[in-house]
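Both counts, for ligands and for their atoms, begin at 1 and track the order of listing. Worth knowing before you read on, the calculation uses all heavy atoms, side chains too, and leaves out hydrogens, waters and symmetry mates.
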Amino acid sequence: MGYEYIDYQKEPSGVGVLTINRPKALNALNWDTLRDLGNFIEKDFPKEEIKALIITGSGEKAFVAGADIAQMSEMSSAEFKEYTDYAHNVYSLIENIPCPSIAAINGYALGGGCELALACDIRIASEKAKMGFPEVKLGIFPGWGGSQRITRIMGVGKAKELIFTGEMISAEEALRIGLVERVVPHEEIMSEARKLAESIAKRAPFAVSMSKKAINSGSEMDLQKALLLEKKLISLCFDSDDRVEGMKAFLEKREPDFKGK
Ligand code: DAK
């Protein structure tokens with residue numbers, strides 16, 4: 001695949017591990033890194049094969065320390081708009097991959113890095129992680145989907161407190177306010193993320209994917225429309241080979257052999 005700033009590995013369990021790899025700058029997303037991430041997700045991510053994707057950062061200190069401030073400071077308004085449009089698109093692509101995504105937050109997740117974690121379905125943080133939106137210290141605000149995704153995840157009041165102050169919070173505080181789902185010892189971040197990904201990978205992939213769609217799309221609709229969507233998607237699951245296999249395996253008291261269709 002030949003990417004300079006990301007690594008990707010598929011594991012035998014059907015879990016993919018995507019690592020943002022620019023540790024010298026705490027994995028800050030400059031144009032090249034963002035482009036590698038975008039090209040990979042759009043063109044090379046083997047979505048038919050992968051049952052859960054873990055996204056993490058390279059090195060001991062950071063998940064992603066945000067957009068690249070040095071590069072941003074030199075941009076014209078037009079370049080800044082292009083950078084933002086591109087980032088919006090990449091984060092939406094990540095949010096909408098068919099399988100669940102897990103952010104394994106192994107250190108700083110700031111600004112655009114915290115927004116990347118918010119575009120994932122589930123967030124697990126190392127106890128050493130620090131999260132926040134320092135953008136207002138730089139004269140901008142979280143504009144890669146952050147100001148919108150965070151309010152949907154943890155409510156308007158806390159989102160405003162984090163965004164208006166620009167303060168970093170600890171992993172424990174992130175857990176308390178619902179910004180992450182779990183906090184684990186630093187050295188166990190990848191093993192815990194893998195354990196979670198592998199437990200998802202064992203389930204019926206089509207059903208997991210449809211449940212993601214029902215939750216993501218349904219949460220943007222009024223309840224009646226969302227219930228109609230749920231009915232449509234559950235019917236698709238009922239007609240799948242995996243549903244036949246899952247129920248048959250239960251009755252035969254054996255493990256199911258799901259094919260993802
Ligand atoms: N950009 C570029 N380089 C960065 C960086 C970043 N975000 N974060 C860290 N680095 C670099 C440092 O400059 C340093 O490089 P050298 O000096 O070694 O060459 C190296 O990484 C190590 O960092 P430090 O020496 O600073 O490490 P410390 O442990 O002392 O501090 C830190 C770690 C994470 C507290 C600190 O590095 C820091 O505060 N970093 C900046 C974090 C930040 O402010 N992130 C948010 C970036 S703004 C938009 C909307 C939003 C956005 C973009 C557009 N639109 C609406 C258009 C997104 C904005 C952001 O994400």
Are any of the heavy atoms in Lys24 under 4.0 Å away from ligand 1?
yes

Numbered in order shown, the ligand 1 atoms found under 4.0 Å of a heavy atom of Phe80 are 49 (C), 54 (C), 55 (N), 57 (C)

Can you confirm whether some protein heavy atom lies under 4.0 Å from atom 7 (N) of ligand 1, or whether none does?
yes

Test: Glu60 and Lys128 ion pair at under 4.0 Å:
no

Hey, does Leu53 have a side-chain heavy atom less than 4.5 Å from the side chain of Val15?
no

Which ligand 1 atoms, with their elements, are less than 4.0 angstrom from a heavy-atom of Lys61?
27 (O), 28 (P), 29 (O)

Parallel, tilted or perpendicular: ring planes of Tyr8 versus Phe40, cut at 30 and 60 degrees
tilted

Numbering the atoms of ligand 1 from 1, which are under 4.0 Å from a heavy atom of Phe141?
50 (C), 51 (C)

Of the listed options Leu116, Val136, Leu110, closest to atom 34 (C) of ligand 1 (non-hydrogen atoms):
Leu110

Identity of the nearest option to atom 1 (N) of ligand 1, non-hydrogen atoms only, from Ile69, Asn30, Leu138:
Ile69

Atom 39 (O) of ligand 1 protein-contacted, heavy-atom criterion under 4.0 angstrom
no

Is atom 19 (O) of ligand 1 in close reach of the protein, with a heavy atom under 4.0 Å away?
no

Sub-4.0 Å protein heavy atom next to atom 12 (C) of ligand 1:
no

Min N/O separation Tyr83 to ligand 1 under 3.5 Å:
no

Is Met72 near ligand 1, meaning one of its heavy atoms is under 4.0 Å from it?
yes

Judged on heavy-atom distance to atom 31 (O) of ligand 1, which of Phe133, Tyr108, Trp144 sits nearest?
Tyr108

dist Lys160:NZ -> Lys158:NZ (nearest 0.5 Å) comes out at 13.5 Å

Answer yes or no for atom 16 (P) of ligand 1: protein heavy atom present at a distance under 4.0 Å?
no

When you measure from the heavy atoms of Lys130 to every atom of ligand 1, does any distance fall below 4.0 Å?
no

Could you tell me whether some N/O pair between Gly112 and ligand 1 is separated by less than 3.5 angstrom?
yes

Can you check whether Ala67 has an N/O within less than 3.5 Å of an N/O in ligand 1?
yes

Any idea which protein heavy atom is nearest atom 51 (C) of ligand 1, and the distance to it?
Gly143 N, 3.2 Å

Asp68 heavy atoms within 4.0 Å reach ligand 1 at atoms 1 (N), 2 (C)

Suppose I only count heavy atoms of Gly66 and a 4.0 Å limit; which atoms of ligand 1 are within that range?
61 (O)

Sub-4.0 Å protein heavy atom near atom 60 (C) of ligand 1
yes

Atoms of ligand 1 less than 4.0 Å from Ala28 heavy atoms?
1 (N), 2 (C), 5 (C), 6 (C), 7 (N)

Which heavy atom of the protein is the closest neighbour of atom 57 (C) of ligand 1, given with residue, atom name and distance?
Thr84 OG1, 2.2 Å

Only heavy atoms count here, so choose which of Ala87, Ala109, Ala65, Gly107 is nearest to atom 43 (C) of ligand 1.
Ala65

Are any of the protein's heavy atoms under 4.0 angstrom from atom 45 (N) of ligand 1, yes or no?
yes

Atom 10 (N) of ligand 1: which protein heavy atom is closest, and how many Å away?
Ala25 O, 3.8 Å

Counting only heavy atoms on the protein side, is anything nearer than 4.0 Å to atom 25 (O) of ligand 1?
no

Counting non-hydrogen protein atoms only, what is the nearest one to atom 37 (O) of ligand 1? Give residue, atom name and distance.
Leu26 CD1, 3.7 Å

